[in-house]
Participant: 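I have a structure I would like to understand better, so I am pasting it below and will then ask my questions one at a time.
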Amino acid sequence: MTQMAISPPAAASEDPRDRGGPAQPMLIVDGIRKYFPIRAGVLNRTVAEVKAVDDISFYVVKGETLGIVGESGCGKSTLARLLMHLIDRDDGHLILDGDLVGEETGVPLDGLRRALQMVFQDSYSSLNPRLPIEQSIAYGPKVQGASSKVAKAQARALMEKVGLKANLFAQRYPHELSGGQKQRVNIARALALDPRLLILDEAVSALDKSVEAQVLNLLEDLKRQLNLTYIFISHDLHVVRYISDRVLVMYLGQVVEIGPVDKIYEDPQHPYTQALLACRLSMDPEERVEAAPLAGDPPNPVNPPSGCRFHTRCPFMEDVCMSKAPSLGDVLRSSAQDHLAACHMVHPGSGHSRAPLAVRA
Amino acid sequence: MTDAVANSLAVAPSQSAPTARVRSYWGGVWQRLRYDYVTLFCIALIILIVLSAVFAPWLAPFDPYKSSMANRLRPIGYKQFLLGTDEQGRDMLSRLLYGGRVSLLMGIVPVILATVIGGLFGVVAGYYGRKVNMGIMRTMDIFFAFPSVLLAVAISGSLGGGITNQMLTLTVVLIPPICRVAETATSQVRNMDFVDAARATGASTTSILFTHVLINVMSPVLVYASTLVSISIILASGLSFLGLGVSPPTADWGLMLSTLRQSIYVQPLVSAIPGVAILVTSIAFNLVSDGLRQAMDVKA
Amino acid sequence: MNDMTPTNLSGSMPLAAPFVRVKDLRVRFVSREATVRAVNGVTFDLARGEVLCVIGESGSGKSVMMRSLLRLHPKKRTVIEGSMQVGEHDIGAVSDRVLSKLRGSTISMIFQEPMTALDPLYTIGDQIVETVRRHEGLGREAAWARALELLELVRVPSPERRLKAYPHELSGGLRQRAMIAVALSCRPSLLLADEPTTALDASVQIQVLVLLRKLQREMEMSMIFVTHDLGVAAQIADKVAVMYAGRIIEYGTVADVLNRPQHPYTRAMLASTVKDQERGVQLEAIAGSPPDLRALPDGCSFLPRCGYAKPECAVAMPPETVDARGHMARCYRVGVEGQRLAFSAPAIQPSVCTNASQLAAARAEMLGRQA
Amino acid sequence: MWLYALRRIILTIPILFGVTVICFALVQIAPGDPIQNLLSPTASQADAERLRAAYGLDKPLPVQYVIWLGKVLVGDMGMSIANNTPVTGEVLRAFMNTIVIAMIAVVIAFVLSTIFGVAAAYRSGGLVDKAITAVAVFGISVPTFWLGVILVIIFAVNLSWLPATGMGAGGSKGFDYLSWSDFRFAVMPIIALALPPLGIMTRTTRSSLSEILNQDFVQTLRAKGLTETEVMIHAVRNIMPAAVAMLGLQLGYLIGGSVLVETVFTWPGTGYLLNKAILTRDIPLLQGTILVLATAFVLINLVVDLAQSLIDPRIKRS
Amino acid sequence: ESVLRVAMTAADIPDYTGAPDQGYEGYRFAGYTLYDALALWDLSSSDKAADVVPGLATSWEIDPQNNKRWIFNLRQGVTYHDGCPWNADSAIWNFNRVMDPKAPQFNARHVGQMGTYVVNIASVDKLDDYKIAINTKAPSSLFPYEMAMYYMISNCAVTAAGNDYNVYMKKPSGTGPYKFDSVVPHERLELVKNDKYWNPARIPKHDRLVLLPMPEASTRAAALLSGQVDFVEAPSPDTIPRLKDAGMQIITVPYPHNWDYMLRVDTPPFNDIRVRQAANYAMNRQDMVDMLQGVAVAADQTLIDSQPWYGHPVKYDYDPDKAAALLKEANCSPCKIKVGISTSGSGQMQPLPMNELVKEQLEAVGFQVQLEPMDWNALIGVFLSGAAKSDFNAINFSMAPIDPVQGILKKWMTEYQPPACCNWGFYSNAKLDDLGKQALAEFDPAKRNALLTEMNEMAVADASELYIVHDLNPRALSPKLSGFVQAQSWFQDLTPIVVAP
Ligand SMILES: Nc1ncnc2c1ncn2[C@@H]1O[C@H](COP(=O)(O)OP(=O)(O)OP(=O)(O)O)[C@@H](O)[C@H]1O
Ligand SMILES: Nc1ncnc2c1ncn2[C@@H]1O[C@H](COP(=O)(O)OP(=O)(O)OP(=O)(O)O)[C@@H](O)[C@H]1O
Ligand SMILES: [Mg+2]
Ligand SMILES: [Mg+2]
């Protein structure tokens, strides 16, 4: 383990890799946007766009875990890939530890790549089936210039770190591993470049509950050891609650609510968040849900509803919701303790009958 | 504390790891092939054919070009001529062995060349997508617009006969289909998360192509290419048969078939030998590629 | 077995007798390379109108057991032993002809993947109509009307249009509903649901669950529902069976099993499920991974991962211990105290996170003694 | 649907254009001089030059191409040098002769391969399966020209059941596929033509059927109580889009690949014409034949694509 | 109706508008069947080499005053198949078809095929309706041989077609013993008998003649065996036993058709006469004949011995030692030569095995032979452009020396070196040239033949070619046929054949 360039977990705030100081958010996402063109017609012109990520802003504080939840198709993975620069954004900026990413003055992509890593959901497609896992893990360091021997040693150390016996597993191929083991390899691979921020896109969703617990434990543990920051994407609300410090709720490519985990779970402001939370299943056979909290499927992101995008499914829908899109507020200026929701009902003077009259304290 | 956790997590695999012996991908393929007796037999057959072609100069009892008017069209098993003689009294066995060289060359070399060239184009097209893909694949489409036999006949009709020209012809004919397979496989692989994971490490495109893409594209392409060997052999022999291929007196199965056609009434069996050779070789290659496909297909 | 229409079959059965009786069901898949023992002696009864939830880790044999109830396994490579009685039919023994009459009418099944479980080349309507016509001999018109009714029943919005839609034109939730409509089209007496909600979003999952529960009640179906989500089981089950390595290791009413789990595996599973645990506190994960069904050891299959193992665990699978309420568990540490099962832990309870070498040593010792 | 069709049609235009370039270019690489065939063995060079000019073969290649393309677009593919007849007529007549037997062959292959494929998939691994696989592998592996020669020896020479060569006692003119006395001539060419596609299609049918039979929805069908036959009908319907595509592709291959078979049976189709044109270096005829064959192939593919989009609802039609 | 179905070796139906292509086989089947020339070949006997006899001209003579003016008396009472009368106008019209580029009936294609026969003609005069005078550019005693190749076609038919030969092609018309009936392009040409043929002896004994192109020898054999045709040209030697078994008649006769190597004599190594002689001595011709199952005879020169110009030439009998010695003497060892051969072709017999045998025999005495096989048409190209345009030392190009013009003059005289004509190997011998000029100016047949014989002997003595074999031109006939007389000629008369039902 010693050959790894990882600082001791003791002082989280004094990470030598830290450039912007402890108060500077790890990552600031400012107005990021991605529309996928839909081509059709005789000439294959773009006839429409999937508004997969539509003007999203937020930040991640150093050392925290930001949970992102939302229904399938709301743009969570697209957001993750945008952050990773795996797809090009249409608009918006990323600021990594105080530096603009990818622009002339800021950190080069390469730097971003080292600081930001991702764990993918699909454990089937996320590992190269023809590469022994040791090599899959060692690939990153090698790319970044480590000698093959060093990279291998590092890979083995990482395997031990994620709980895989190196001498047993190093030479195995992905199909010889169980789902949980594969996910560990994925995590090890992401850690190989010594990142600051790890994006976990549904990293545990495909796992059995018991294995999920193992991996969650591992993630918690690693975070402490390696002074990591997580963006944790999931649609399992129990898991998000367990692991996150703050939660961001997405609906149809937009942020509808963001805030500290307890505030969100105990006092959800947005009706969508409320419904989503109500969808959690209780383990108590006595507490059975009699009516589904959220009816129907989300609307098509090609043609999102006007105004508030949730108005088609919202029990509190009023005229204003159809005509005017509620704003979330200035997320980037808010503090990490602030709880923001993009709903007319929480914005005074929005015109919704349930909106508070006075500005909240 | 942390170590304890790590250890505890590591407990189980050591005891209940499903496979005691570590088996590579090819190891798995071999495991499956081991029980496929037909394929094994055909592999052995191909090895035999290849060896006998390679060692033809040592194996052939006679000079395949040495004719003897006294011994024209002898039946199978006549004196020292195990497979009889052809219309010029040349020993069929020797010619068959030497002919195997040309036929196998025609089966294998164009396929290898086409695999390299077509595979390269296909991988590039599949990986880069968009404009590059358009450019490469539309060009391939144009060649695809010609049925392979037509293209082969047209090209070799244009280039004229000879071993080199024929190999060139077959290569050109085989490139588009291989390119297509490679392109499809590549764009599939390209959409896999592990490629994104590799990109996220900041790896260069070349590095990704070589470490992650090629290795995965290889097996579908190779399996496909293996089916082309028999097609290539048959095409080549067809061209020779039409007089568009290898030029005489080169011993070549297709050409032998063509010249022996005149003698079919005198020695039907001897005349059929080259045809049987083509048939058997082609069946062997087909069955092997079937077997390979099955063995390699099993999802990891 | 004489032909009996499913409706009068369900009507003529005395209520007291259990509707489904599975006894010592064993399923093996035999191939050249290995023999997979997927189900190793499953026994349970299910009354009419009852819902049994089967829960267990991936690979514990849940789906295999379900498919056996319809004899859906490939004939050549599968060996099925034991008896499966549904109504008065012995599924293992009925002729193919009778079986295909039973399938879809008396017993029907919903599969996990709504994406792939429907024929992509037929419209939803066609697929429902086909079943209805096959089993009830309705005319085209009547069958279409029935299909429409069914789509309404499963709450598919604008059902007329959806009848003419192809599966790929529907979202996952709608597809799963269509699948349910197909399964319910002939009012089955037994519905086998193999993780019907696992592939769905939480919000859709709950819609489907509520719907299924309602329909099950209205139609008085018996249902076997496979899931590995305890929350789902809590929502829908009357009885719960916990499977591990092809065996039911705990069985009882949903309240008994979820609130008073006895078997160490069930307990560990409940403990490891993320459910409003304190943040920053380690989850109690079950170490290790499920056993290899190709080479099952004698004795309790959970032994390698069990924190409470005793020497006898390595010798033979523990027998069933049943209490008066029908709560059953198979563990040497479980006994009956009064009316109920009780788990007796040793004085010094080994942590779930036992040290690897310790456990290995213990195991070796046990195995050595046995040999 | 119409939009899709239109799009597909427009996409073929650049391909067809490329095809004309290749047709023209290929033939120009050819060594040998088409004019020589028209000269008596004792003719002089000056005679040759005169004739060359008469056929426009003295102009630079790009000019020749543009002239040729311009004429081709209005359906004039020039005059055959060897016969001095319009190439268009020659090729179209030959094309008709080819396409009919190719079509019959491919339909026979299609029907048989579906039956074989179903039988093999149904009895997967059994004796029937093995026998059918053997037939399929044979069909793929056998050199058709050799098969043709053997068929002639057996059925024409030794048994005298079928005529050895040609198309009808009176030639292709007035050939009547419906009369046995004429159709006899087509029997062996059709057999030789049908065998490879039969092999290929049997194999693909078999493998795609067993793939389909392994898919989840088949479980659903069985669980619904459908009999094995009904399940098989579903499965067969599911392979139809692919099978139809295969059918078209094979038809295209047969049309373009009939050179060998037609040469063996002297069947006066495009393949025979092509071979003749190559041997006599009849450039206009060669160009015309290749062009028509390639165009036919492109169009068949187009039709197949459209047909496939009709029978497979999953293919986007918007 | 009795039908005679003939399988030709041609790859396609020869031109039947009066200028046959596809080699002399075209003349044989689409020329002398439909058309006549001023002179015709006498094909009625198989005992002697065919010579020319009167055709559409009843007689001809050289103008006693002017040895460059031939007088032809035309046959009277002959009409074309379309009823058009044959006379001096028609004859002159026919010459202009090829000679006068301004004439409406001028046909460039016909020039390509027939131009060579009229190169000597300066002009044609009409003397009266049935008498014409043909002025040659130089004295040309052999002119009637050329006139035996020049077909007369119906001027009325061409005019009626608007001088468009593609239209004429739909209804061609000649004076020959057969009339055009129908054609299926590439497949079959059907002719019917001309009841009113001017020579009653040659009115066909069958009603219909069907000509089918079948370039593949095995296809021809199969077609004959399966009863699809009655008469096949050139069955391959190996099929002959089988054909005989099936009761077919196999007919062979020697005729002027040599299968040899033309040698390039202006460059090494064949510029050395010893090398040429060595090659000739190296030939074991009997081996070749054996291989060909007797369908060829050994050739010791280009002509066959029944031709009047055969003479008493030097003979090169098989003598490998002498050959080797000569080569050594010429200091050529190994004597590398490159030979262009074809893979098939009209009159080429079985070029591949035969050439390989030649190669083997040549190499046995010290040559080193590189065979370069090519398509027949490509080889024609090599031949037409002359040796200087290629890098071959020899080509295997069979020709038919049916008359002294083609067999002797054009082959050996310096003035016929390429590009003028056919002296491919640039043979040049002043004495021979001189003799040639004399012969052309000598109108006494006996004296002229003596001169020609001397020329021929001279060329053979020079070993100007590598003589190998003469084709016996086998034909296989169904037992139903009778009456066929195989002439010692490239051309054959099919009219006497009787087809039994
Ligand atoms: N490459 C692409 N081209 C076009 N549309 C895309 C592309 N990738 C994603 N989309 C669309 O963008 C939307 C958001 O997709 P995304 O994968 O980000 O959702 P998600 O929230 O991750 O969903 P899930 O929970 O199912 O993973 C979806 O409607 C999807 O169809
Ligand atoms: N047809 C088969 N042939 C061989 N082995 C099989 C077959 N079907 C299932 N198995 C094996 O049987 C075991 C039990 O599988 P089963 O599908 O019943 O698990 P499950 O409990 O349903 O798991 P999941 O929760 O993942 O659906 C697995 O190890 C599986 O690999
Ligand atoms: Mg996602
Ligand atoms: Mg399952």
Side-chain angles (χ1 to χ4, degrees), chain A residues 9 81 84-87 109-114 116-132 135-136 139-144 160-165 168-178 181 184 186 189-190 192-193 201 214-215 217-218 221-222 224-225, chain B residues 1-29 129-130 134 185 188-208 210-220 222 296 298-300:
Chain A
R81 278 162 202 268
M84 287 304 300
H85 277 242
L86 290 174
I87 47 182
L109 264 185
D110 211 37
L112 169 98
R113 296 240 140 106
R114 239 168 293 160
L116 229 68
Q117 282 296 309
M118 177 161 170
V119 177
F120 296 87
Q121 164 178 16
D122 185 355
S123 58
Y124 165 69
S125 77
S126 58
L127 286 173
N128 186 340
R130 297 290 152 77
L131 232 48
Q135 289 188 31
S136 275
Y139 181 72
K142 264 195 243 170
V143 162
Q144 297 291 348
E160 297 285 351
K161 193 159 213 79
V162 297
L164 294 173
K165 280 237 172 349
L168 255 166
F169 285 88
Q171 292 306 322
R172 287 201 192 176
Y173 287 81
H175 71 271
E176 298 169 304
L177 304 184
S178 70
Q181 290 165 342
R184 284 163 202 253
N186 275 329
R189 176 179 58 192
L193 287 181
D201 185 7
Q214 295 174 4
V215 176
N217 280 346
L218 172 68
D221 192 35
L222 290 171
R224 241 171 295 137
Q225 270 191 49
Chain B
M1 157 77 201
T2 52
D3 278 355
V5 173
N7 275 343
S8 75
L9 292 171
V11 167
S14 57
Q15 277 82 27
S16 61
T19 38
R21 207 167 46 80
V22 176
R23 205 195 264 170
S24 76
Y25 170 76
W26 292 106
V29 171
R130 301 200 154 252
M134 273 280 278
Q188 262 165 20
V189 171
R190 202 216 170 298
N191 285 327
M192 300 276 250
D193 286 339
F194 66 81
V195 174
D196 277 341
R199 291 210 295 143
T201 64
S204 69
T205 307
T206 350
S207 162
I208 294 177
F210 278 95
T211 321
H212 294 288
V213 178
L214 270 186
I215 198 173
N216 283 291
V217 171
M218 207 115 89
S219 66
L222 285 184
M296 288 166 72
V298 178
K299 290 272 175 330

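A, B, ... follow the sequence lines: proteins, then strands. Residue 1 opens every chain. Predicted, not measured: the structure shown is a model, and the values here were computed from it.
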Participant: Calculate, to the nearest 0.5 Å, the distance between atoms CD and NE2 belonging to A:Q135 and B:H212 respectively.
Facilitator: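 Taking CD in A:Q135 and NE2 in B:H212, the distance rounds to 9.5 Å.
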
Participant: Which pair of heavy atoms, one from B:F194 and one from A:S126, lies closest together, and at what distance?
Facilitator: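 Smallest heavy-atom distance, with atoms named: CB-O, 3.2 Å.
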
Participant: So, taking the atom named NZ in A:K142 and the one named OG1 in B:T201, what distance separates them when rounded to the nearest 0.5 Å?
Facilitator: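 Between atom NZ of A:K142 and atom OG1 of B:T201 there are 11.5 Å.
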
Participant: Evaluate the criterion side chain to side chain contact (heavy atoms under 4.5 Å, CB included) for residue pair A:R130 and B:S219; output intermediate values, then yes/no.
Facilitator: CA-CA 10 Å; A:R130 297 290 152 77; B:S219 66; 3.0 Å; yes

Participant: How close do A:L131 and B:I215 get, counting heavy atoms only, and between which atoms?
Facilitator: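 Minimum heavy-atom contact is CD1-CD1, 4.1 Å.
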
Participant: Considering non-hydrogen atoms only, spot the tightest contact between B:I208 and A:Y139 and give its length.
Facilitator: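 The answer is N-OH, 3.5 Å.
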
Participant: Where is the tightest heavy-atom contact between B:T211 and A:N128, given as atom of each residue plus distance?
Facilitator: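 Where B:T211 meets A:N128 most closely, the heavy atoms are O-ND2, 3.6 Å.
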
Participant: Can you give me the closest heavy-atom contact between B:A200 and A:M84, atom names plus distance?
Facilitator: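 Minimum heavy-atom separation between B:A200 and A:M84: CB-CE, 3.4 Å.
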
Participant: Under the rule for salt bridge (charged side-chain N to carboxylate O under 4.0 Å, His left out), what residues qualify as partners of B:R190, not counting sequence neighbours?
Facilitator: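 In terms of salt bridge (charged side-chain N to carboxylate O under 4.0 Å, His left out), with neighbours along the sequence ignored, B:R190 is linked to no residue.
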
Participant: What option among A:V143, A:L222, A:N186 has the most heavy-atom pairs under 4.5 Å with chain B?
Facilitator: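 That would be A:V143.
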
